[in-house]
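Below you'll find the structure, written out as C-alpha cells, and then a few comments.
Just so we're on the same page: letters track the sequence lines, and every chain starts at 1.
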Protein chains: 4
Amino acid sequence: MSEHRNGPVRSAAARDAILDATARLLAKQGYDNLTMEGIAKEAGVGKQTIYRWWPSRGALITDCMSEGRLMPIEIEIPDTGHLRADLNVWLESVIAVVSDPGGAALLRSLVAAAAEDGAVGDRLAEMLGMDQALSLRFASAVRMDQLSEDAPVDLLGLAIVGAIIVPVLARRPISPDELRRLLDHLVRPAG
Amino acid sequence: MSEHRNGPVRSAAARDAILDATARLLAKQGYDNLTMEGIAKEAGVGKQTIYRWWPSRGALITDCMSEGRLMPIEIEIPDTGHLRADLNVWLESVIAVVSDPGGAALLRSLVAAAAEDGAVGDRLAEMLGMDQALSLRFASAVRMDQLSEDAPVDLLGLAIVGAIIVPVLARRPISPDELRRLLDHLVRPAG
Amino acid sequence: MSEHRNGPVRSAAARDAILDATARLLAKQGYDNLTMEGIAKEAGVGKQTIYRWWPSRGALITDCMSEGRLMPIEIEIPDTGHLRADLNVWLESVIAVVSDPGGAALLRSLVAAAAEDGAVGDRLAEMLGMDQALSLRFASAVRMDQLSEDAPVDLLGLAIVGAIIVPVLARRPISPDELRRLLDHLVRPAG
Amino acid sequence: MSEHRNGPVRSAAARDAILDATARLLAKQGYDNLTMEGIAKEAGVGKQTIYRWWPSRGALITDCMSEGRLMPIEIEIPDTGHLRADLNVWLESVIAVVSDPGGAALLRSLVAAAAEDGAVGDRLAEMLGMDQALSLRFASAVRMDQLSEDAPVDLLGLAIVGAIIVPVLARRPISPDELRRLLDHLVRPAG
DNA sequence: CCATAACCGAGACGGTACGTCTTGTCTTGCC
DNA sequence: GGCAAGACAAGACGTACCGTCTCGGTTATGG
C-alpha cells in the first residue's frame with residue numbers, strides 16, 4: 001500500500017491493497033494457506049483494518065470475485081441467435097482458466113472456499129453462469145427452436161459446469177474436446 | 001479406544017479408533033474444524049500414533065471413505081438390462097445423502113478435502129461412480145440400444161455427479177425431481 | 001493474571017504473572033519439571049507471550065532472581081568495621097535458605113539451571129555475593145588489619161560459597177556450626 | 001554394540017555399550033540433551049534393556065563415574081609426608097579437567113545431574129575427594145604438624161572443591177594461579 | 001477553529017493447533 | 001529369560017494464526 005492516508009473515512013487505498021493481496025496470495029498459495037495475517041502483511045495494513053470491513057476470508061474472496069480480480073471468466077453470454085457459437089464465447093474463457101495449471105489450482109481454492117462459506121458458493125455459481133446466465137441463454141434457444149422444448153433449461157448449465165468443476169477437483173481437468181462432445185450431447189437441436 | 005495393546009506391530013484397535021473418530025468428527029464439525037489433536041483426543045490415542053501411519057487429514061479421510069465409514073452410497077451399479085431402473089438404485093442412495101442436511105454438509109466437507117488433497121478427490125470420484133461405474137453402465141446401455149450410440153458414455157456420469165455436487169456447494173441441493181428431469185434429458189433412448 | 005490489558009505495548013500484568021508463576025513452580029516442582037507450558041497455564045497467559053519476551057527457562061529464572069522473587073538472600077554486606085559481625089548478617093540469610101528443605105531444593109534447582117545456562121550462573125554468583133560483595137568486604141577488612149595482608153580477598157568468597165553450595169548438591173547441607181568453624185579458619189585476623 | 005548375544009543372563013556387551021554411549025553422549029551434548037532414546041540408538045540397544053537395569057539417567061551416570069568412564073581425576077591422594085606436594089598430584093588432574101573446555105562442560109553436566117539426582121551428587125563428591133580422601137590427607141597433615149591443630153580438616157576439602165566447581169558453573173573456571181593462592185591461604189602450616 | 005470521532009499501521013494479548021520429540025511401559029519374535 | 005525393535009498414551013517443545021484489543025497518530029467534519 002502506498003499513499004498512506006488516515007482519517008475518519010474509509011481508505012480506498014487500504015481496501016484496494018487488501019483485495020489485491022488476497023487475490024495474489026490465493027493464487028500463489030491456495031486457500032488453506034491463505035491467512036489473515038499474511039494478507040495484512042502483504043498489503044502493508046493492520047489486521048484490524050481487515051476485520052473492520054470483512055468478517056472472514058470468505059468475504060474477502062467474494063469481494064475479489066465480484067471485482068474480477070481472480071479469474072478472467074466471461075459472466076455475460078451473448079445472444080446472437082446461434083446457441084453453439086454463443087456458448088463457445090463463454091466456453092473459451094472457461095477453458096482458458098481450467099487448462100492453465102494455475103487457473104485450475106485457483107478454481108480448486110475457490111471450491112474449497114465455497115465448501116466452507118456459502119456466500120463464496122453463491123458468488124462462484126454466479127461467476128460460472130450457473131445462476132442465471134446459462135439458463136437464460138438456453139431458454140432463449142428453446143424459443144428459437146435451437147433446443148428441444150422439453151430440455152431442462154435450468155439444469156443444463158448445472159450439468160456443464162459440474163462436468164468442468166468436478167474433474168478439476170481430482171486434478172484431471174476435462175479437455176476441450178471432451179467438453180465439446182458433452183455439449184454435442186446435451187445441447188441437441190430440437191427434434 | 002479400549003484394550004490398550006502395545007507392541008512392535010500395528011495396533012488394530014488404535015487404527016479403528018482413529019478412523020472412527022475421524023468419521024465422527026468430520027460429520028459433526030466439518031472439514032476445517034477437523035483437527036489432528038481433536039481426533040487423537042476423541043480416539044483416546046497419542047498424536048504420534050496418528051502421524052506414524054497417516055501423513056495428513058486427507059489420508060485419514062481417504063481411508064475412511066475406502067472403508068465406507070462416511071457415507072452409505074452404493075458404489076456398484078446393477079445391470080439388469082433396464083438403464084433407468086438400475087440408475088435409480090444408485091440415485092436413491094445418492095439422493096438420500098444429499099437430501100439429509102447432515103449428509104449434504106458431509107459432502108461439502110469431502111469436497112473441501114478434495115480441493116486441497118488430490119487423493120481425496122480421486123477417492124471421492126470413485127465413490128460417486130465417476131471413475132468407472134457409471135461409464136461402464138452407460139456403455140452397456142449403448143450396446144443394448146437403450147442409449148444413443150454417439151452418447152459420450154465417459155462424460156455423462158461426470159455431468160450427473162457434477163449437477164449433484166455443485167448445488168450442494170451453494171447450500172441448495174438439487175431436488176430429486178430436478179434430478180429426474182435432468183436424467184430424462186441426458187439419458188435418452190437411442191433416437 | 002487479571003486486568004487483561006492488550007495493546008501494542010508490553011503488558012506489565014502479563015510480565016508479572018509470568019515471573020510469579022515461574023518462581024512458584026520452580027520452588028514447587030524443581031527445575032527439570034519446570035515447563036514453559038506449565039508456566040503459561042499457571043500464569044493464565046499464552047505461550048507466545050512468554051516466548052515473545054524470554055528466549056528460555058533460564059532467562060525467566062534470571063529475571064526472577066534479579067527481582068528477588070526467589071530467595072531472601074542479602075546481596076549487600078554491611079561494613080561496620082567488624083568483619084565477623086558483618087559476615088554474620090549475610091550468613092544468617094544464607095543459612096536460613098540452606099537450612100530450609102524447600103530453600104535447599106530451590107538452590108539445587110538454581111544450580112541445575114546455572115549448569116545449562118551461563119547467564120543463570122552469573123546471576124547466581126552475583127546473588128551469593130561471589131561477584132563483588134564478599135571480595136569488597138574482605139578487601140576493606142584487610143585495610144583495617146582484620147585480615148592478613150596476603151589473604152586472597154578475591155577468592156575467599158568463592159571458597160565460602162562453594163563450601164555452602166556443594167554439600168547442598170549432595171543433600172547434606174553444611175550446618176551453621178561447621179560453617180562457623182570454616183570461617184574461623186578462613187577469616188583469621190592478621191598476624 | 002556388536003556380537004549380539006542373547007540369552008537368560010545379563011549381556012556384558014550390552015552393559016558396556018550402554019555405559020559407553022552414555023559417557024560419549026554426555027560429553028558431546030551435555031546433560032539436558034542426553035536422552036534415553038539417544039543412548040539406546042547410540043548403543044544399538046533396545047530401550048527396555050536400559051530400563052531393565054537402570055532406573056534413570058542419573059543411575060547411568062553414576063555407573064559411568066564409578067568406572068572412570070568420564071573424567072581422569074585422581075581419587076586417591078598420596079601421602080608422602082609433604083602436604084603441598086601431595087595435594088599438587090591431585091590438583092593437577094583436577095586442573096587438567098577444568099582447564100579443558102570439554103572437561104569444564106562435562107563437569108557442568110555432572111553438576112546438573114547431581115542437582116536433580118542425589119546419588120550423582122554423592123558419587124561426584126566422592127570422585128572429587130570431598131567425601132574422604134581430602135579430609136584424611138589433611139588429618140594426616142595435622143598429625144605431622146604441617147597444618148594447624150585447629151584446622152577444620154573435614155571442611156577444607158569442601159572449600160577447595162567448592163572454589164573449583166562454582167566458577168565452572170558461571171563459565172569462568174578458576175585459574176591454576178588463583179587456585180594456588182587459595183591453597184596458600186587455606187593450607188597454612190601450623191602456626 | 002478546534003474538538004472529536006472514525007480511520008489507519010502496528011502489534012501485544014489469550015488461545016488453539018501444528019508436527020516433532022521424548023518418556024516409560026508393553027509386546028513380539030529371535031536366541 | 002535376556003535381547004533388539006519398536007508401537008503405544010502422554011505430553012512438552014517452539015511456531016504460526018486466530019480474532020480482540022490498545023496504542024499513537026492522522027484527518028475530515030460539525031458544534
>> Please encode protein proximity along nucleotides 16-23 of chain E as a string of B, S and -, counting only heavy-atom distances under 4.0 Å.
In response: -BBBBBBB
> For the pair made of CG in C:L60 and P in F:dC13, what is the distance, rounded to whole Å?
Replying inline: 11 Å
> Nearest-Å distance, CD1 (A:I50) to C1' (E:dG11)?
Replying inline: 14 Å
> Expressed in angstrom and rounded to an integer, what is the separation of A:I39 atom CD1 from E:dA10 atom C1'?
Replying inline: 17 Å
>> Measure CG/A:D16 against C1'/E:dC8 and give the value in whole Å, please.
In response: 16 Å
> For residues 55-64 of chain C, which residue pairs qualify under salt bridge (charged side-chain N to carboxylate O under 4.0 Å, His left out), counting only residues two or more places apart or in two chains?
Replying inline: C:R15-C:D63, C:R57-C:E116
>> So, applying side-chain contact (heavy atoms from CB on, under 4.5 Å) with C:R69, which one of C:L26, C:D16, C:T22 is it?
In response: C:D16
> What pairs with B:R52 under salt bridge (charged side-chain N to carboxylate O under 4.0 Å, His left out), at least two apart in sequence or on another chain?
Replying inline: none
> Under 4.0 Å between a side-chain N or O of B:T49 and OP1 or OP2 of F:dA9?
Replying inline: yes
>> I need the CZ-P distance between A:R52 and F:dC21, as an integer number of Å.
In response: 13 Å
> If you pin C:I18 and A:I18 to their nearest nucleotides in DNA chain E, which one's is more 5'?
Replying inline: A:I18
> Which residue, B:A12 or D:A40, contacts DNA chain F at a nucleotide closer to its 5' end, judged by nearest heavy atom?
Replying inline: D:A40
> What residues form a side chain to side chain donor-acceptor pair (under 3.5 Å) with B:R123, not counting sequence neighbours?
Replying inline: B:S66, B:E126
> In whole angstroms, how far is the P atom of E:dA10 from the NZ atom of A:K41?
Replying inline: 10 Å
>> Counting only side-chain heavy atoms from C-beta out, which of F:dC3, E:dC13, F:dA9 sits nearest to C:W53?
In response: E:dC13
>> If the condition is side chain to side chain donor-acceptor pair (under 3.5 Å), which residues does C:E37 pass it with, not counting sequence neighbours?
In response: C:K47
> What residues, two or more places apart in sequence or in another chain, satisfy salt bridge (charged side-chain N to carboxylate O under 4.0 Å, His left out) together with A:D117?
Replying inline: none
